[in-house]
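To keep things clear, I will list the structure first and then write my remarks on it.
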There are 2 protein chains.
Amino acid sequence: MKTVIETLTQHGIQPTPQRIAVAEFILETDTHPTADEVWASVRQHCPTLSRATVYNTLNLFVEKGLLKLQPLKEGVAVFDPHVKPHHHFIDEESGEVFDVPWEAVSVTGEKSLENFEVREYQVVLRGCRRA
Amino acid sequence: MKTVIETLTQHGIQPTPQRIAVAEFILETDTHPTADEVWASVRQHCPTLSRATVYNTLNLFVEKGLLKLQPLKEGVAVFDPHVKPHHHFIDEESGEVFDVPWEAVSVTGEKSLENFEVREYQVVLRGCRRA
DNA sequence: GTTCGTGCAAACGGTTTGCAACAAT
DNA sequence: ATTGTTGCAAACCGTTTGCACGAAC
């Protein structure tokens, strides 16, 4: 099992304590948190962590390919440590975002679009989660 | 051909001059504009139109089912007059959003998702537009 | 005269940036 | 010494809101 520090250095990121703390949280979660949610969580273990550092760190992680920024909610940036292709389901009541495995849904026809060269795609599903 | 005024009244919206001006622009366009882009455009014909009225009007239109708010870009709300199901292609260079007809792409498997009751879905494609 | 819509300006919330202090090399 | 990172506060940008004026019934 790769350590967080190894992951960071392999992506060309200096493993400072703050970055390690943020990485430990966000690389494990599957809750698609916003930056402020990350801050709230990580601050419990690392109380001096500033909001600015969280934002800078998350942007750095995105830049280095550790995270993906997903435009799934209005007005806020949500971060996803799952960088390989997959789909998303959004519960319309709670707003929660769930991963849907790539193989669970299949898409056809995207290769024959006339004017568009598709580099990537995902299905965004909305509805309510079954209890 | 239905007039804009008829469209507004049929949706329970009082057709004020400002609302008509906004509707004339946004119901015709296929550019998926942001609120500020709507304001910039409509203001040329209707110079006293305030930003607040544009925001209020667009929100009202969404509420009344004339528009859909699409979470396609980070940090800004984009409005789409095309309310029937369809997909979207986003040019990664320019950020432009294009409609993709519902029949152009087909999705299978969404009905057999275990924990999710899907009410609607769309495919979001990214890449570059062919010249 | 009450209701509804508008415009302005101020407030708001999420995010970024400038800068001084600090750590590491 | 230089480079890179942090924390704070202020700035920023898109959006919402409070309020007074005005139009319509």
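Here is the naming used below: chain letters follow the sequence lines, and residue numbers restart at 1 for every chain. Just the heavy atoms: all of them, side chains too, but no hydrogens, waters or symmetry mates, feed the values below.
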Side-chain ion pair, A:Arg119 and B:Glu92, N-O less than 4.0 Å = yes
Is A:Asn59 touching bases, backbone alone, or none of the nucleic acid, heavy atoms closer than 4.0 Å?
-> sugar-phosphate
Answer yes or no: does a side-chain N or O of B:Arg51 lie under 4.0 Å from OP1 or OP2 of D:dT16?
-> no
Output the single nucleotide from C:dT15, D:dT15, C:dG5 whose closest atom is nearest the side chain of B:Ala35.
-> D:dT15
Option among B:Asp91, B:Val97, B:Ile90 that satisfies the side-chain contact (heavy atoms from CB on, under 4.5 Å) test with B:Ser94 = B:Asp91
Determine the interplanar angle of the B:His82 and B:His86 rings, folded into 0 to 90°, and report it as parallel if under 30°, tilted if 30 to 60°, perpendicular if over 60°.
-> parallel
Give the nucleotide from the list C:dC8, D:dT5, C:dG14 with an atom nearest to the side chain of B:Ala52.
-> C:dC8
Give a yes/no answer on whether the side chain of B:Thr53 brings an N or O atom under 4.0 Å of OP1 or OP2 in C:dG7.
-> yes
B:Glu74 CD to C:dG13 P, in whole Å, measures 20 Å
Assign each of B:Leu49 and A:Thr34 to its nearest nucleotide of DNA chain C by heavy atoms, then name whichever residue's nucleotide is nearer the 5' end.
-> B:Leu49
Send over the distance from B:Arg19 CZ to D:dA23 C1', rounded to a whole Å.
-> 13 Å
What's the spacing between B:His32 NE2 and B:Ile26 CD1 if we round to 0.5 Å?
-> 10.0 Å
Given D:dT17, D:dT15, D:dG7, the nucleotide with the shortest approach to the side chain of B:Asn56 = D:dT17
Atom pair distance, as rounded to whole Å: CD1 in B:Ile13 and P in C:dT6 = 11 Å
Is a donor on one side and an acceptor on the other found under 3.5 Å between the side chain of A:Thr57 and the backbone of A:Thr53?
-> yes
Selected nucleotide, minimal atom distance to A:Thr16 side chain, candidates C:dT15, D:dT6, C:dT6 = D:dT6
Provide, to the nearest angstrom, the distance between the CH2 atom belonging to A:Trp39 and the P atom belonging to D:dG7.
-> 11 Å
Taking C:dG7, D:dG7, D:dT15 as options, the one with an atom nearest any side-chain atom of A:Gln18 is D:dG7
Spacing between A:Lys73 atom NZ and C:dT15 atom C1', to the nearest angstrom = 16 Å
For the student: nearest non-hydrogen atoms of A:Phe61 and A:Arg19, plus distance | CZ-O, 3.7 Å
In whole angstroms, how far is the C1' atom of D:dG14 from the CG atom of B:Leu58?
-> 13 Å
Let me know the distance between CZ of B:Phe61 and C1' of C:dG5, rounded to the nearest Å.
-> 13 Å
Kindly point out which of D:dT15, C:dC8, D:dG7 is positioned nearest to the side chain of B:Val76?
-> D:dT15
Give a yes/no answer on whether the side chain of B:Gln14 brings an N or O atom under 4.0 Å of OP1 or OP2 in C:dC4.
-> no
Please report, rounded to the nearest Å, how far the P atom of C:dG5 is from the CG atom of B:Leu8.
-> 12 Å
Phosphate oxygens OP1/OP2 of D:dG7: is one of them under 4.0 Å from a side-chain N or O of A:Thr48?
-> yes
Counting heavy atoms from C-beta on, name the nucleotide in D:dT6, C:dG14, C:dG5 closest to the side chain of A:Tyr55.
-> C:dG14
